[in-house]
Number of protein chains: 2
Amino acid sequence: MILETIQQPQDLKKLSQEELHMLVDEARTALLAKISQHGGHNGPNLGMVEMTVALHRVFNSPVDKLVFDISHQTYIHKMLTGRAQAFLDPAHYDDVSGYTNPKESEHDLFTVGHTSTSLALANGIAIARDVKAENYNVVAVIGDGSLSGGLAFEGLNNIAEQNSNIIVIVNDNDQSIADNFGGLYRNLKTLRESNGQAEDNFFKSLGFEYHYLDEGNDVDKLIALFESVKDSDHPVLLHIHTVKGKGFKFAEENREKFHAGGPFSLETGEYVRNGNVQATYNSITTDFLWNKMQQDQTVVAVNAGTPMMVFNPEQRKALGKQFIDVGIAEQQAATMTAGLAKNGAKPVWFVNATFMQRSYDQISHDLALNDLPGTILVYNASVNGMKDETHLGIFDIPFLSHIPNLVYLAPTNQEEYLAMLDWSLEQTNHPVAIRVPVGPLHSVGQADQTDYNQLYKNEVVQQGKQVAVMGIGNFFGLAKEVVAALAKENIQATLINPKFISGVDEKLLTTLTQDHQVLVTLEDGITDGGYGQTVASYLGNTAVKVQNYGLDKAFHDRYKVDELLAENGLTVENIVKNILASL
Amino acid sequence: MILETIQQPQDLKKLSQEELHMLVDEARTALLAKISQHGGHNGPNLGMVEMTVALHRVFNSPVDKLVFDISHQTYIHKMLTGRAQAFLDPAHYDDVSGYTNPKESEHDLFTVGHTSTSLALANGIAIARDVKAENYNVVAVIGDGSLSGGLAFEGLNNIAEQNSNIIVIVNDNDQSIADNFGGLYRNLKTLRESNGQAEDNFFKSLGFEYHYLDEGNDVDKLIALFESVKDSDHPVLLHIHTVKGKGFKFAEENREKFHAGGPFSLETGEYVRNGNVQATYNSITTDFLWNKMQQDQTVVAVNAGTPMMVFNPEQRKALGKQFIDVGIAEQQAATMTAGLAKNGAKPVWFVNATFMQRSYDQISHDLALNDLPGTILVYNASVNGMKDETHLGIFDIPFLSHIPNLVYLAPTNQEEYLAMLDWSLEQTNHPVAIRVPVGPLHSVGQADQTDYNQLYKNEVVQQGKQVAVMGIGNFFGLAKEVVAALAKENIQATLINPKFISGVDEKLLTTLTQDHQVLVTLEDGITDGGYGQTVASYLGNTAVKVQNYGLDKAFHDRYKVDELLAENGLTVENIVKNILASL
């Protein structure tokens with residue numbers, strides 16, 4: 001097997017053309033074997049086999065610098081840079097992350113998992129090279145989907161002026177995570193259909209030397225193209241057409257389904273189900289919004305490139321103008337939400353917490369400063385959300401809850417969640433973000449009658465004394481367990497569901513100071529800048545002792561949840577112990 | 001005077017062509033009279049006189065919706081929408097803000113002061129119109145400089161697919177705040193020089209119907225153009241060439257100088273100086289960086305559209321590749337900083353706190369997750385910074401200090417500041433942000449010998465007992481005053497300069513619990529999510545009472561600093577009173 005002989009990219013230089021073709025086949029076979037058993041970003045990697053082989057044949061990593069956008073298409077790159085075992089031996093499948101990772105290899109320049117960053121990164125690398133008077137190639141590889149993010153445009157706009165070597169490769173597989181959206185994609189289509197010859201070329205308009213290659217899964221043609229631009233002394237853009245899911249017919253035929261996912265059958269193209277077809281927080285969101293949007297034409301759902309979280313392609317189509325996928329462009333999603341709300345629509349933007357970060361200013365300056373009633377559904381905001389260091393959902397409370405006017409809610413069960421969502425869509429006073437619960441659906445069996453117009457009013461679920469435990473959102477269950485454990489110690493603690501996390505219930509906290517000695521906050525996110533610290537501050541000048549629990553400030557990576565929680569003291573036993581010690 | 005007869009845009013409809021021309025002249029004269037005495041965004045408004053008159057002649061605000069990007073070019077719009085007095089009567093100059101403001105007029109749709117948002121806002125307004133089945137024009141006006149921000153691209157990309165009325169006006173005065181930068185601007189130049197006929201038209205590449213008008217200060221031609229596209233049933237883009245500073249020769253000749261500024265002489269074109277030519281924190285930054293960059297070719301200064309904060313045009317030119325203005329594109333600035341640092345350069349990015357918000361994810365995901373040694377100089381982060389609600393610098397501690405790996409420093413005097421800056425540029429461990437002091441230069445007269453590699457080690461400036469006062473950055477002086485006042489009450493308080501604001505000195509805080517009853521934090525920013533709350537949390541389970549002082553969470557607008565501080569209890573008298581009450 002040739003693949004096993006490739007310990008480093010230099011080893012590709014020695015291969016004959018025939019061996020290179022064999023390597024392509026072996027790499028794709030290994031890839032399919034792994035992803036069908038392990039899952040991952042399936043389609044993007046299948047389409048990149050030939051290009052990655054060609055890149056390492058022509059360029060000289062790590063002297064030449066390869067920067068992959070979002071980096072979920074780098075499995076073949078990992079195979080060719082000393083990490084083939086992680087694709088050939090199932091026992092080692094988890095040795096590598098799903099993204100480039102400098103801790104794994106000098107051929108991985110950045111830890112990256114958000115889109116549209118590669119061009120600015122490569123631009124910086126190239127300028128650093130120039131000020132150091134060094135000489136090598138800098139290559140950025142970006143997918144067509146990632147071009148919808150404004151940062152990618154900023155990168156193109158800057159690189160076009162660079163006046164030194166940089167090679168931008170647009171890997172155009174005519175697909176984002178879901179469908180592409182936007183005027184740019186009509187231009188890419190016209191360019192593909194004209195073999196790169198169409199008028200009003202977007203890339204040429206920015207000043208790039210432009211080359212088009214239609215056969216982007218032909219390793220020989222790729223090598224020839226790369227050889228022709230290698231060592232260029234100015235910016236060059238290669239527009240290369242590849243087939244997403246190449247070599248696996250089910251993936252080629254259903255590119256959205258096979259963008260990413262868990263294990264699947266190589267024979268039938270069906271993902272392996274875990275048998276669980278029960279309702280989830282996602283499915284009840286879909287049902288609720290679908291019904292609401294049928295009843296009220298002014299409810300408009302907004303999303304940035306991950307619409308399948310809530311609506312499948314048929315639903316999106318049926319919703320017409322009431323559903324908008326802005327592309328992978330969270331800034332646009334946030335600011336458009338402000339525009340929609342201003343003009344009397346009821347926008348609801350659903351977004352993963354980790355990607356929401358990309359629109360901090362738009363949430364603050366456009367939505368919150370203007371105090372417009374847009375609704376944001378924040379997904380995967382939890383230690384139990386995505387666990388790659390690139391995709392953590394544990395920073396949302398710190399970055400959202402200090403923004404004026406914005407009301408941030410943390411429901412603890414499905415009835416609360418839907419009541420909050422309905423209230424948010426119907427109120428017209430403020431922007432509202434809702435932390436969609438993470439984990440199994442939890443029902444309390446009766447409708448939530450809370451009047452959420454009483455901002456920042458917490459719910460005292462159980463009145464006690466001495467000790468108060470506040471369980472925020474997903475951690476309310478933990479708070480209940482703590483209170484139950486305290487009961488065994490003959491302490492009748494007060495159990496509080498804060499519901500609101502962008503401000504404290506000052507009246508309640510003041511009352512608690514009368515007959516409580518210890519107050520504990522339990523928070524599903526980092527402690528610094530979080531909800532608990534505002535409570536600690538509010539009570540700082542009182543005799544009440546406040547214990548804030550949450551995660552330490554770090555980019556935790558591929559962690560085991562139970563271990564991470566235990567490291568941070570988030571076990572019933574430890575919390576109870578600390579409470580008892582403080583009484 | 002015709003201008004005085006215009007109470008609302010409808011009044012323009014009745015004017016003869018001759019009267020319209022007179023109105024243009026009167027408006028420009030009034031504008032020049034006000035800005036020369038009052039200051040403001042001079043050049044942008046001078047160039048927009050004719051276009052604004054034409055917009056209100058042709059369109060029907062507020063039924064038709066006008067959205068102005070950044071909105072610093074809306075002085076004429078304010079004159080024509082019932083607010084002429086604020087431009088004609090010096091006693092009323094301050095009645096209006098420098099930006100659109102819905103509290104002032106129904107013709108102002110959004111409070112806005114950051115660039116590149118107008119297209120997404122207009123896109124949202126138009127879709128809301130469509131789902132409500134209403135019928136009117138939506139017009140977005142964006143300057144060429146604002147097109148460098150990625151959000152503007154996201155807006156164009158989305159609007160191109162809108163399939164209903166929307167009119168995008170690109171006001172091309174061939175100038176950003178400083179020079180434009182990027183490949184797009186070569187395209188705009190080619191289009192201007194070819195009267196809109198050049199190949200590879202950027203806007204056409206995105207699918208827009210495109211019209212070019214070279215005489216963008218000819219009110220008749222503007223009216224004809226607007227009439228021709230009014231009520232269009234699809235997206236239209238008007239590329240209109242105007243002259244920045246039009247009608248005031250000094251502004252036409254020096255567009256960077258006259259982008260914005262204080263009062264100036266109509267005769268000489270010189271800004272009125274307040275006589276203060278002493279060194280400032282800006283000037284010592286310039287001197288330090290200039291010298292450093294001469295000595296070390298790998299120091300690279302990065303800025304996003306406001307380079308004059310540190311370097312004048314001659315300096316920028318002389319610095320060559322060591323200075324990069326990425327356009328108004330803070331995301332690019334942050335991510336490029338990561339790329340520069342990764343490849344061994346020493347990047348220093350200087351940015352206003354309010355605009356830094358636009359790169360939260362890039363600071364977190366690109367710079368901090370990768371733990372790269374880039375330096376960020378954070379300007380105007382203070383209650384004494386910019387005081388418009390759109391430009392506040394009081395949120396930076398909450399949004400930066402919880403990001404892992406990032407070291408955020410708050411110097412209290414010039415020696416500390418320069419020592420921190422030098423340390424940051426030379427260390428290779430972490431990204432470092434420095435909160436550039438705001439206010440008069442303060443020297444302690446001796447070099448700062450602190451070893452900043454001892455992360456999070458605070459400086460105990462005066463050891464006392466009972467009470468500890470922590471003065472963060474700009475508020476260290478206030479802390480000194482509080483300690484002095486306490487001395488008069490026979491309390492020898494401990495005075496602490498934390499220096500680090502992204503984490504607490506756990507050892508020091510633990511020591512303080514032994515003989516201190518009250519700890520006070522004084523913070524030049526909002527309290528929620530700030531430094532003091534991390535201190536309150538750390539000491540929450542101890543007997544020490546913690547009092548956090550800072551601003552309440554709100555978008556304060558055009559406030560008087562002393563009043564705002566007093567409202568938030570930030571006076572020596574009040575702080576001392578509260579300390580005494582807690583002992």
Side-chain angles (χ1 to χ4, degrees), chain A residues 110-111 114 117 120-121 123-125 128 130-131 150-151 153-154 157-158 160 182-184 186-187 200-202 204-207 297-298 321 326 329 331-332 335-336 339-340 343 345 357-358 360-361 365-366 369-370 398 402 404 528-529 533-534 536-537 540-541 545-548 553-555, chain B residues 110-111 114 117 120-121 123-125 128 130-131 150-151 153-154 157-158 160 182-184 186-187 200-202 204-207 297-298 321 326 329 331-332 335-336 339-340 343 345 357-358 360-361 365-366 369-370 398 402 404 528-529 533-534 536-537 540-541 545-548 553-555:
Chain A
F110 297 97
T111 301
H114 291 190
T117 71
L121 291 172
N123 195 189
I125 284 182
D130 295 346
V131 296
L151 174 54
F153 169 76
E154 295 177 4
N157 192 42
N158 274 272
L184 172 62
R186 283 193 266 169
N187 195 248
D200 294 316
N201 181 312
F202 173 75
K204 282 188 180 178
S205 82
L206 295 173
Q297 300 289 312
T298 68
K321 275 191 182 280
V326 297
Q331 297 187 108
Q332 170 78 14
T335 302
M336 175 187 263
L340 284 160
N343 204 16
Q357 294 181 185
R358 291 150 55 98
Y360 172 80
D361 184 52
H365 172 268
D366 300 319
L369 171 58
N370 287 281
H402 69 270
D528 272 17
Q533 295 197 333
T534 62
S537 176
N541 201 40
K545 289 186 176 172
V546 177
Q547 300 176 1
N548 297 139
K553 185 174 80 168
F555 293 108
Chain B
F110 298 97
T111 302
H114 292 190
T117 71
L121 291 172
N123 196 191
I125 284 183
D130 296 346
V131 297
L151 175 53
F153 170 77
E154 295 177 4
N157 192 39
N158 274 271
L184 172 62
R186 283 195 266 168
N187 195 247
D200 294 316
N201 181 312
F202 173 76
K204 282 188 179 177
S205 82
L206 295 174
Q297 300 290 310
T298 69
K321 276 193 182 278
V326 297
Q331 297 186 110
Q332 170 78 14
T335 302
M336 176 187 262
L340 284 159
N343 204 17
Q357 294 183 184
R358 289 149 55 98
Y360 172 80
D361 185 51
H365 172 269
D366 298 319
L369 171 59
N370 286 281
H402 69 271
D528 272 18
Q533 295 197 333
T534 62
S537 176
N541 202 39
K545 289 186 177 174
V546 177
Q547 299 177 0
N548 296 139
K553 185 174 80 170
F555 293 108

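Residue numbers start from 1 in every chain, and the chains themselves are labelled A, B, ... in the order their sequence lines are given, proteins ahead of strands. The basis for the numbers below is simple: all heavy atoms, side chains too, and nothing from hydrogens, waters or symmetry mates.
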Heavy-atom pairs under 4.5 Å with chain B, option from A:Asp130, A:Leu184, A:Thr335 with the top count: A:Thr335
So what's closer than 4.5 Å to chain A heavy atoms on B:Arg186: side chain, backbone, both or neither? side chain
Specify which of B:Met336, B:Gln297, B:Arg358, B:Gln331 makes the most heavy-atom pairs with chain A at under 4.5 Å. B:Gln331
Nearest heavy-atom approach of B:Leu340 to A:Ala128 is CD2-N, 3.6 Å
In terms of heavy-atom proximity below 4.5 Å to chain B, should A:Gln547 be classed as side chain, backbone, both, or neither? side chain
I'd like to know which of A:Ala329, A:Pro398, A:Gly339 tops the heavy-atom pair count under 4.5 Å against chain B. A:Gly339
If you count heavy-atom pairs under 4.5 Å between each of B:Gly529, B:Gly150, B:Gly207 and chain A, which one has the most? B:Gly150
For the atom pair NE2 (B:His402) and NE2 (A:His402), what is the distance rounded to the nearest 0.5 Å? 7.5 Å
Taking the side chain as everything from C-beta on, heavy atoms only, tell me whether A:Asp366 gets closer than 4.5 Å to B:Phe110. no
Most chain B-contacting option - heavy-atom pairs closer than 4.5 Å, from A:Pro404, A:Gly124, A:Gly183: A:Pro404
Most heavy-atom pairs under 4.5 Å with chain A, out of B:Leu151, B:Thr534, B:Thr298, B:Asn343, belong to B:Asn343
I'd like to know which of B:Ser537, B:Ala536, B:Ala160 tops the heavy-atom pair count under 4.5 Å against chain A. B:Ser537
Where on B:Asn370 is there a heavy atom nearer than 4.5 Å to chain A: the side chain, the backbone, both, or neither? side chain
In terms of relative ring orientation, are A:Phe153 and B:Phe153 parallel, tilted or perpendicular, with 30° and 60° separating the classes? parallel
For the residue pair B:Gln332 and A:Asn157, confirm or rule out a side-chain donor-acceptor distance under 3.5 Å. no
Interface check, chain B: of A:Thr117, A:Asp528, A:Leu369, A:Val326, most non-hydrogen pairs under 4.5 Å belong to A:Leu369
What option among B:Asn187, B:Asn541, B:Val131, B:Leu206 has the most heavy-atom pairs under 4.5 Å with chain A? B:Asn541
With no hydrogens and no angle check, is any side-chain donor or acceptor of A:Asn201 less than 3.5 Å from a backbone partner on B:Asp200? no
Do the non-hydrogen side-chain atoms of B:Tyr360 and A:Asp361 ever get within less than 4.5 Å of each other? no
Tell me which of these, B:Ile125, B:Asn158, B:Asn548, B:Leu121, has more heavy-atom pairs under 4.5 Å with chain A than the rest. B:Asn158
